[in-house]
Structure formats: structure tokens, C-alpha cells
Asker: 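Right, I'll just put the structure down here and ask away after.
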Amino acid sequence: MRFSKYFLPTLKEDPSDSDIISHSLSIRAGLIRKVASGIYTFLPLGFKILKKIENIIREEMNDAGAIEIFMPVMQPAEIWQQSNRWYEYGPEMFKLVDRNERDFCLGPTHEELITTMASSDIYSYKDLPVNLYQIQVKFRDEIRPRYGLLRAREFIMKDAYSFGASEEDLDKDYDAMYATYAKIIERIGLKYKVVEADTGLIGGKFSHEFMILAKNGEETIAYCDECRYAANFDNAKFNIRPFPVSDAAGLNEGLKDIKEIHTPGIKTIEDLTNFLTQPPQNIIKTIAVKNNEGDVFAFLLSGDRTLNLAKAEKFLKTSLELINEDNNIYKLPLGFIGPLGLKKEISVYGDYSIQKRSNLIAGANKIDYHFKNININRDFEVKGWGNFSYPVPGDLCESCGRELEYDKGIEVGHIFKLGTKYSTKLNGKFLDKDGKLKPYIMGCYGIGVTRMMAAAIEQSHDEKGIIWPKSIAPFLISLIATNMSENKIKEAAGSAYEMMLSKKVQVLYDDRDISAGIKFKDSDLIGIPIKMIFGKKFLQNEIIDIEYRDDASKTEIKLNELEDFVKNL
RNA sequence: CGGGAUGUAGCGCAGCCCGGUUAGCGCGCAGCGUUCGGGACGCUGAGGUCGAGAGUUCGAAUCUCUCCAUCCCGACCA
């Protein structure tokens, strides 16, 4: 492609309405333009990259035996009402009405549609298992679209749905998709981690998320290199770190007498640590929660930890909300709550992080007062112990005992075992060998295609711009003629361009009659892996400079070596 | 939806607090000339409903109100 004939508008400055690197770079490099919040046009360069990502996905999916189909964006309301997600999804679904006042939605996902389709065309165990996928636009009216392509309202997803006759079928497909997803990301050439995740709204037994590692990632991953465990931060299993001896005030001093201390207006752990010059680990954080029935519970944690509500809910088998000014049915003195002197109706549960501690500080259940030297069992009882917090630095891998490490990531893929959730609701049944009618056992597997593009930028860029991995780079070679008014340069670069075209090398020839600096800057900004420069050195000695985008390394080749160089790319 | 901020030329911004002729600057864009390996220079020029509507005023980009859009922080997700 000749730059002068292409449509590739680049910007020198960051756009004012983007804060995240992948967003501003994809606008500056001329990949996308914003149409409305969370809605984008793909310009030629961005579209090219998208197609490359899609093709890698398509090839690997096909290799894994999945079969491509194409379903509509617009879907009738009935099937969503049948699965009840018309209501569960709620305002997150774009809904519309046709001229006959029938309800439709713009598909946020396609479980309903494909299950309905399967139910009328797959009747026999002989047709199973089968794995169907598509690469399609999805619509989700996100509460808050943000970060450009990372959370858009219209985005492209590869979604696959497997139908099996048995759990074994599902396991096989699930494992195949797991391996395929890993292969896809490896082929694209990005660093990633697979984590155990929550199943969320889509439902099902368990799931894995594929995370592209990036500093600005939305998700925190807790992992252990020793035993290869990795999980979402919220979900991570861990053992409480051993209490550091240097912090161990009172560990060996025996139990001291309780003292009430005046702490006017000191409500937060942070204020308290400053006021008393004590580490937060010596303070009991007491978090009050309530369930729908109006039962109130108190969870005690080490002051440096945060209550993981999901863990508390699992433990108590009830859904919970934090107590605040609005739902404070017992009028608890927020900021000064503690285990000692609580109402009898409130059951107290302890996090392992304080189990073996003594002489701690806690709220006195009286405004502006705390207690010193509180001791478990001597001063109050705990109804149950558990792990109720998020991990903190130093916490240990549950299976091997090594310290957990943390990384930031962007979720680009998610695979689920759905089981019979949708087949049951949408009448997706087949006749099995034993002559019995059974629901399909399903799995679903998604990759965010447009998100993958943004995640790649997020992982791979520098202050000059994007650094594309070769696999998805829009062009492999950026051919730069530094001075178009030098005929020798212009002609040599022109014939090099023609030669590479004939050899099917993907080359962007910057033939614009502008200063060389702009060409270098643009080339770096849009992230083409190799710069091939015809300039001064060519005029003098027929030397062509080769410069690599990723590590900025350089080599020189002579004109007569050019064909060989191109051959070995 | 709650909290915070912003809307002035294609892009990035100043002007607004303290109202007063033709609304500025940089980049980009067009023409001419000079330059030519890391965002060159000179001259000339085009380009604006000051987010929208209403109000206050002799007079509004500037003050008031309403609305809209966009971005950031929280619950959701590929």
C-alpha cells in the first residue's frame, strides 16, 4: 500500500477524551474513531488488524473442529422471555420494537438463539457433540462504557457453543476450547494467564478466564509460579500469611487488662493507626452486614484486610449487604464498632487473620471510644472462623505454601460449562441411545475480538506508539523514502516496493512528499515491526537501513541483498 | 444510577472569575517558494451555530436556569 493513496489519518496529540493508553493510541494511530460513547468506526488500518485477529481465531477454531455459522444481531423477545434473561439482563439489553409492535433486542450474546436453533435441528445423539461458533457484533448497553475498545457498547466477539450428549462430551469440548484459546493467544504473541473465575450471570459450574497481562489491566490476578495456580483476585484461594514477628506487639507478653481509650472522631483504620501509632494488623476491623431477613452479623478481620462479601455470603449461605447509615437497623456506632458489648442478636465471625492474636485494639461500640488489649475468648466469643478477606501481599498459595504474586490483566476470553441451563429452558432436547429424551449438555466460549486488539496495544507499546506483534501487525514492512525529490531514492524505493508486492510482502510504502521525521514518527506510532529506509546512505553507497520496532535494533543491507532479506522475513 | 469534571475551528488549548468593536494561539489544511535521516522554514489564505434552548442586560463565549453530550471514580462484563 502506498501511504499517499491510503486513508490513514494520524494525530500528533493525545485526544482529550481518552485516558487509557490503548484508547488514545488507537485514535492517534488512525485505527478507530469514536462515533458515540462506546461506539467506534474502524478505519482501514484498524479494520486490517481486526481481520488478522479474526483469522487467527477462525483458523484455530476450525482446527479444533468447531464449525462457523452466522446468527443475526436482532433477536425476538420470546426466546429471551423463555430463558427469563429478558428481565435478568434488564436495561443492559438494547431493546427495540418493529412496526407491528413486536419486541426485539440487539443480541448481547447468543445462547438463546442458538439453543432454539439447535432444538429444531439436532434431535439425535448421533448428531452430537457439535461445536458451533460465529464472529459477530454484540450489543450491551453498559452502565458505563469506558476505556475505548476495552469496554464498548458495540463490540465484536467470537462466541462458540458446544452441544453434547453427556458430561464427557462437554469435558472434551471444554478442554479443547481451553487448549485452543491458549493457542490463539500464543499465536498472536501476547503474554497471558488463565485464571479460575466466577461464573456470573451466564451460569454454569465453573469457568476459566484468559487474561492478557498489562499494567493497566482492570483485573488483578493472584498466581503462584510454583504450582501454576492462578485465579481472579476476588476468587483466589490462599492461606493467611504468618504474622511478622516485628509487628507482633504483645505476642509473648501475656494477656493485658482491657483499657478504654478516647479516640475522638477517629473512625477509620488509617486514622487509628496514625493516632495510636500502631500497625493496622494490631487493630480488629469489625464489619457489620445484614441479610434480607434483617439478621445482622459482624465479621472481624485484621485491620489491613478487606471483607470479601462473596466469601461471607458463601459461609453464611445468605446474601448480604454492608451496614451503612441508611440500613443501620440496630443504630450501630459506625466507625466504633467492636466485638465487645455488641447486641446479642448479632453473631460474630472471625477471619483467620486475627485468630492467633492477642492484646488487640477494637471499637468500643460507643462513639469516640476504642478498647486496647482485647482478647478473643477471654473478652468475647466468636461463633465461627473462616477466611473472609481478599488476599494481601505476603499471603500464601493454598496448595504449595509459596507466597502468591499479583499481576494486572485484561480479560479477553472466557469459557464456561453451561450444563443444561439453557437447553432445559428452551426445550433443547435430543433422543439418546437409551431412547430417552434428554437436554443437551452445553458449553459456551467467548473471545472479545475488538478487546483483544486494545489489549495487545495495552500490553505492547512505548512512548513512541504501538508495537504490534508480527502476527497481527497491519503491515510487516514500513518502507520509508526519506526524500521524494531525490530521483535515485524515489526510483529505488519504488522498485523495492513493487518487488515486495510481487512477493506478497505486506508493505506500507511511505511515498508522501513530506519531511523524513514525520515518516519515522508515523511509522513508530502505528507500530509496524520493520522500517526499511532509503535515504542518504542509499545515495552514497546503496545501503538500506533496517530498523526493528520492538527493540530498536538496526542493521544495514546492500541493495543487492534486498531480495534475500525479503525472502527470509 | 450516585459522585466529580469538561464542552470555544479537523485536533490540542487560551479567553469566562471582573459582560463592551472584526473571538485568539499552536498543530493540521490550501497555494507559492526554500529545505530534505527523527514531527523544517518564509509568505499568503481558507476554516467558528463559542454544546443546545431559554432568561438577565442597551449589549452575553463571559452572568442565571434547564437540557444534551463527553470523560473520570463506584456495582457489571468479552
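Throughout, a chain's letter reflects where its sequence line sits, starting with A, and its residues are numbered from 1.
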Asker: Applying a 3.5 Å limit to both distances, which nucleotide forms a Watson-Crick or G-U wobble pair with B:A60?
Answerer: none
Asker: Choosing from B:C76, B:G39, B:C36, which nucleotide comes nearest the side chain of A:Arg151?
Answerer: B:C76
Asker: Rounding to the closest angstrom, what is the interatomic distance between B:G59 and B:G2 at atom C1'?
Answerer: 41 Å
Asker: From the options B:G37, B:C73, B:A78, select the nucleotide whose nearest atom is closest to the side chain of A:Glu411.
Answerer: B:A78
Asker: If you look only at pairs with a residue in residues 41-50 of chain A, which of them pass as a salt bridge (charged side-chain N to carboxylate O under 4.0 Å, His left out), with sequence neighbours excluded?
Answerer: none
Asker: What nucleotide among B:C73, B:G37, B:G39 has an atom nearest to a side-chain atom of A:Lys536?
Answerer: B:G37
Asker: Counting heavy atoms from C-beta on, name the nucleotide in B:U70, B:G38, B:G12 closest to the side chain of A:Ser16.
Answerer: B:G12
Asker: How long is the line joining CZ of A:Arg146 and C1' of B:C77, in whole Å?
Answerer: 10 Å
Asker: Write down the partner of B:C41 under the Watson-Crick or G-U wobble criteria, each distance required to be under 3.5 Å.
Answerer: B:G33
Asker: Each nucleotide in nucleotides 27-33 of chain B should get exactly one letter: B, S or -. Can you fill that in based on protein heavy atoms under 4.0 Å?
Answerer: S------
Asker: Pick out the pairs of N or O atoms, protein on one side and nucleotides 3-9 of chain B on the other, that lie under 3.5 Å.
Answerer:
none

Asker: So what's B:C13 paired with, Watson-Crick or G-U wobble, going by both distances under 3.5 Å?
Answerer: B:G24
Asker: From the set B:C72, B:G38, B:C71, return the single nucleotide nearest to any side-chain atom of A:Lys521.
Answerer: B:G38
Asker: Are the ring of A:Phe155 and the six-membered base ring of B:A78 within the stacking cut-offs of under 5.5 Å and under 30°?
Answerer: yes
Asker: For A:Asp17 and B:C11, give me the distance from atom CG to atom P, rounded to whole Å.
Answerer: 10 Å
Asker: From the list B:C73, B:C71, B:A78, which nucleotide is the closest neighbour of the side chain of A:Tyr147?
Answerer: B:C73
Asker: Classify A:Glu92 by what it touches in the nucleic acid, base, sugar-phosphate, or nothing, heavy-atom distance under 4.0 Å.
Answerer: sugar-phosphate
Asker: Would you indicate which nucleotide in B:C77, B:C76, B:G37 comes nearest to any side-chain atom of A:Ile533?
Answerer: B:G37
Asker: Expressed in angstrom and rounded to an integer, what is the separation of A:Ile212 atom CD1 from B:C77 atom P?
Answerer: 20 Å
Asker: Ignoring the backbone of A:Lys34, work out which of B:A40, B:U70, B:C36 is nearest its side chain.
Answerer: B:U70
Asker: Once you apply the 3.5 Å cut-off to both distances, tell me the Watson-Crick or G-U wobble partner of B:C67, or none.
Answerer: B:G51
Asker: Relative to each other, are the rings of A:Tyr192 and A:Phe210 parallel, tilted or perpendicular (30° and 60° limits)?
Answerer: parallel
